[in-house]
Amino acid sequence: MYGNAYVDPNEKFSLEQETPELLAAFQERIDRGEKIEPKDWMPAMYRKQLIRMIEQHAHSEIIGSLPEGTWITRAPGFRRKLALMAKVQDEVGHAQLLYSAAETLGKSREAMMNDLITGKSKYSNIFNYPAKTWADSAVIAWLVDAGAIVNQLANSKGSYGPYCRALERICYEESFHLKYGHDNVVHLATGTSKQRQMVQEAMNRWWPPLMHFFGPSDKISVHTETLMRWKVKMASNDAMRQQFLNMYVPKIWDLGLTLPDPKLKKNEETGLWDYTEPDWDEFKRVINGDGPCNAERLAVRRMAEENGKWVANAIKSKQDEYVTPYA
Ligand code: COA
């Protein structure tokens, strides 16, 4: 029986290693819609998959604060600066929630951080592109957060209790971010011709990474089938991409903006959106460390880790004191 021991997420596990009765009872709990909690029995594969996914999600939140963070000092006006600062702070808070959820599965925060800064762990493709203008930060806040909500709202109804609870809380904050981003995009799209041009160019830049954001198409996705059986993922990558297109393309077009895909249109027969297949080679390059900003993003994280080490050490030594006060 493997299930309840912490497993090294890099080790190979298969379901054949599990006790069949335990595995069947676990699947029944999932099928009944029960939540799995940290001390419950779970297959090693379920634990490993959750650690992988939640950890990547947590990394995405802290790395995700970097492209927008560069605009805090240059935001147009005090109110926008305040709002952006609050948003960036929220994103870092999301990472804290998600690291805590991943820790319940047995992997330490130090190990996760180490895997991020050494380039071993992945994080979302989308944060490896530069936010060149203020309009980029507006498009990120509106559409990246909209994409994140599509994903997180669905998965908050999933099977692992701590992850679902973290996602619920994150979704409340992301909904506010989305409104903030939408307000900024509307302001630019209804502004001067220079502002319209700026937001159109930002839209053109962010569209391909947004299409990648939901993950590879279902035909080539590796984990979807297993994760959906275990209700970790509540919809496939293509289903989430379609939901995003359905909700946001009409809103983008309503603003008089265009999208850089001549094939993009709703197919009235199928009810689904037709689009040009995203460039999956570029996606693979970016998620494997070779995007326009991967090196810069990790260098900033490494620097933050180095500079903050004395704080972490101070907290740790205080904790040790409390654990062994009379030693
Ligand atoms: N950015 C970076 N990597 C991605 C990705 C993306 N947008 N989409 C997929 N991948 C990676 C997967 O992590 C996986 O790599 P791995 O096996 O080395 O871990 C590989 O591409 C194959 O993809 P797939 O089998 O479809 O992965 P998945 O079933 O885990 O689905 C997500 C990908 C992003 C939909 C899923 O992991 C998810 O919902 N994650 C939580 C939400 C999240 O991380 N959001 C990020 C920003 S807010």
Side-chain angles (χ1 to χ4, degrees), residues 9-10 12 45-46 48-68 87-88 90-95 97-99 101-102 112 115-116 119-129 140-141 143-160 163-164 166-167 170-171 173-175 177-178 181 206 208-244 278-291 293-294 297:
N10 297 312
K12 297 251 178 283
M45 275 288 260
Y46 176 86
K48 178 183 165 180
Q49 279 284 0
L50 273 168
I51 291 174
R52 177 191 69 83
M53 196 169 128
I54 304 174
E55 178 181 358
Q56 286 179 7
H57 192 169
H59 295 332
S60 304
E61 298 282 352
I62 38 170
I63 296 283
S65 68
L66 298 177
E68 284 180 288
K87 177 184 188 302
V88 167
D90 284 352
E91 304 296 0
V92 177
H94 297 170
L97 288 172
L98 291 163
Y99 283 126
M112 289 189 264
D115 285 352
L116 170 65
K120 201 166 163 191
S121 280
K122 291 195 171 72
Y123 57 88
S124 184
N125 70 297
I126 203 144
F127 302 120
N128 291 303
Y129 294 86
I140 296 172
L143 295 178
V144 178
D145 285 55
I149 291 175
V150 166
N151 172 295
Q152 290 161 184
L153 207 56
N155 292 344
S156 70
K157 311 283 183 302
S159 64
Y160 188 58
Y163 187 41
C164 296
L167 290 181
I170 290 171
C171 281
E173 294 183 352
E174 299 287 28
S175 313
H177 300 165
L178 180 152
W206 287 87
L210 266 166
M211 290 296 282
H212 287 148
F213 178 77
F214 299 90
S217 75
D218 293 352
K219 290 191 284 275
I220 52 173
S221 164
V222 184
H223 306 291
T224 298
E225 197 195 327
T226 314
L227 291 178
M228 286 191 71
R229 180 157 33 89
W230 280 332
K231 295 191 183 167
V232 171
K233 253 169 112 163
M234 299 301 278
S236 75
N237 300 352
D238 284 339
M240 295 212 191
R241 197 169 6 253
Q242 282 290 338
Q243 198 186 334
F244 171 79
D279 179 350
W280 295 117
D281 290 334
E282 173 178 343
F283 171 78
K284 276 191 209 135
R285 273 197 307 278
V286 172
I287 68 171
N288 287 308
D290 193 18
C293 296
N294 297 60
R297 299 285 182 252

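The basis for the numbers below is simple: all heavy atoms, side chains too, and nothing from hydrogens, waters or symmetry mates. Residues take their numbers from the sequence shown, with the count starting at 1. We count ligands from 1, going down the list as the structure has it; atoms in each ligand are counted the same way.
Using the six-membered ring where Trp is involved, His57 and Tyr163 have ring planes that are perpendicular, over 60° apart on the 30 and 60° scheme. Note: Phe283 and His212 have tilted aromatic rings, judged against thresholds of 30 and 60 degrees for the angle between ring planes.
Close contacts between ligand 1 and His212 involve ligand atoms 7 (N) [criterion: under 4.0 Å to a heavy atom]. Within ligand 1, counting atoms from 1 as listed, the ones closer than 4.0 Å to a heavy atom of Phe213 are 7 (N), 47 (C). Against a heavy-atom cut-off of under 4.0 Å, Asn151 is close to the following atoms of ligand 1: 35 (C), 38 (C), 39 (O), 42 (C). Per-residue contacts place Val222 under 4.0 angstrom from the following atoms of ligand 1 (heavy atoms of the residue considered): 22 (C), 24 (P), 25 (O). Those atoms of ligand 1 that come under 4.0 Å of a heavy atom in Asn125, given as number and element, are 1 (N), 2 (C), 6 (C), 7 (N).
With a 4.5 Å cut-off on side-chain heavy atoms, Asp145 and Lys87 count as touching. Two residues are said to be in side-chain contact when any heavy atoms from C-beta on lie closer than 4.5 Å; Asn155 and Met240 meet this criterion. In this structure, His94 and Asp90 have side chains that are in contact, with non-hydrogen atoms separated by less than 4.5 Å. A heavy-atom distance below 4.5 Å is not found between the side chains of His223 and Met53.
Look at Glu225 and Arg229 and you find no salt bridge, because none of the NZ, NE, NH1 or NH2 atoms lies under 4.0 Å from a carboxylate O.
Looking at atom 33 (C) of ligand 1, its nearest protein heavy atom turns out to be Lys233 NZ, 4.1 Å. Atom 30 (O) of ligand 1 has Arg52 NH2, 2.8 Å as its closest protein atom, hydrogens excluded (heavy atom only). Among protein heavy atoms, the minimum distance from atom 45 (N) of ligand 1 is reached at His57 CD2, 3.9 Å. In terms of protein heavy-atom proximity, atom 41 (C) of ligand 1 is closest to Tyr163 OH, 3.4 Å. Among all protein heavy atoms, the one lying closest to atom 27 (O) of ligand 1 is His223 CD2, 3.6 Å. In terms of protein heavy-atom proximity, atom 5 (C) of ligand 1 is nearest to Phe283 CZ, 3.5 Å.
Here atom 23 (O) of ligand 1 lies nearest to Pro216 when heavy atoms of Ser60, Gly215, Pro216, Ser121 are compared. Of the candidates Gly158, Ala148, Gly64, Ser221, it is Ser221 that places a heavy atom closest to atom 26 (O) of ligand 1. Remark: among candidates Lys122, Met53, Met234, Gln56, the nearest residue to atom 19 (O) of ligand 1 is Gln56, based on non-hydrogen atoms. With atom 11 (C) of ligand 1 as the reference point, the heavy atom nearest to it among Ile170, Asp218, Ile287 is part of Ile287.
Each salt bridge (charged side-chain N to carboxylate O under 4.0 Å, His left out) pair with one or both residues in residues 234-243, not counting sequence neighbours, appears once here: Asp238-Arg241.
Protein non-hydrogen atoms do reach within 4.0 Å of atom 9 (C) of ligand 1.
Every residue two or more places apart in sequence or in another chain that forms a side chain to side chain donor-acceptor pair (under 3.5 Å) with Ser236 is listed here: Asp218.
Only the backbone of Phe214 comes within 4.0 Å of ligand 1, judged by heavy-atom distances. Only side-chain heavy atoms of Leu227 come within less than 4.0 Å of ligand 1; its backbone N, CA, C and O stay farther off. Only the side chain of Asn237 comes within 4.0 Å of ligand 1, judged by heavy-atom distances. When heavy-atom distances to ligand 1 are checked against a 4.0 Å cut-off, Met240 has no atom that comes that close, whether in backbone or side chain. At a 4.0 Å heavy-atom cut-off, ligand 1 touches Asn155 through the side chain alone.
Remark: the backbone N or O of Gly289 is not paired with any side-chain donor or acceptor of Asn128 at under 3.5 angstrom. With hydrogens and angles ignored, the 3.5 Å screen pairs no side-chain donor or acceptor of Asn151 with any backbone N or O of Phe214. Between the side chain of Ser65 and the main chain of Val92, no donor-acceptor pair closer than 3.5 Å is present.
Under the side chain to side chain contact (heavy atoms under 4.5 Å, CB included) rule, Ile62 has a single partner from Phe127, Tyr123, Tyr99, which is Tyr99.
Ligand 1 has no N or O atom lying under 3.5 Å from any N or O atom of Gln152, backbone or side chain.
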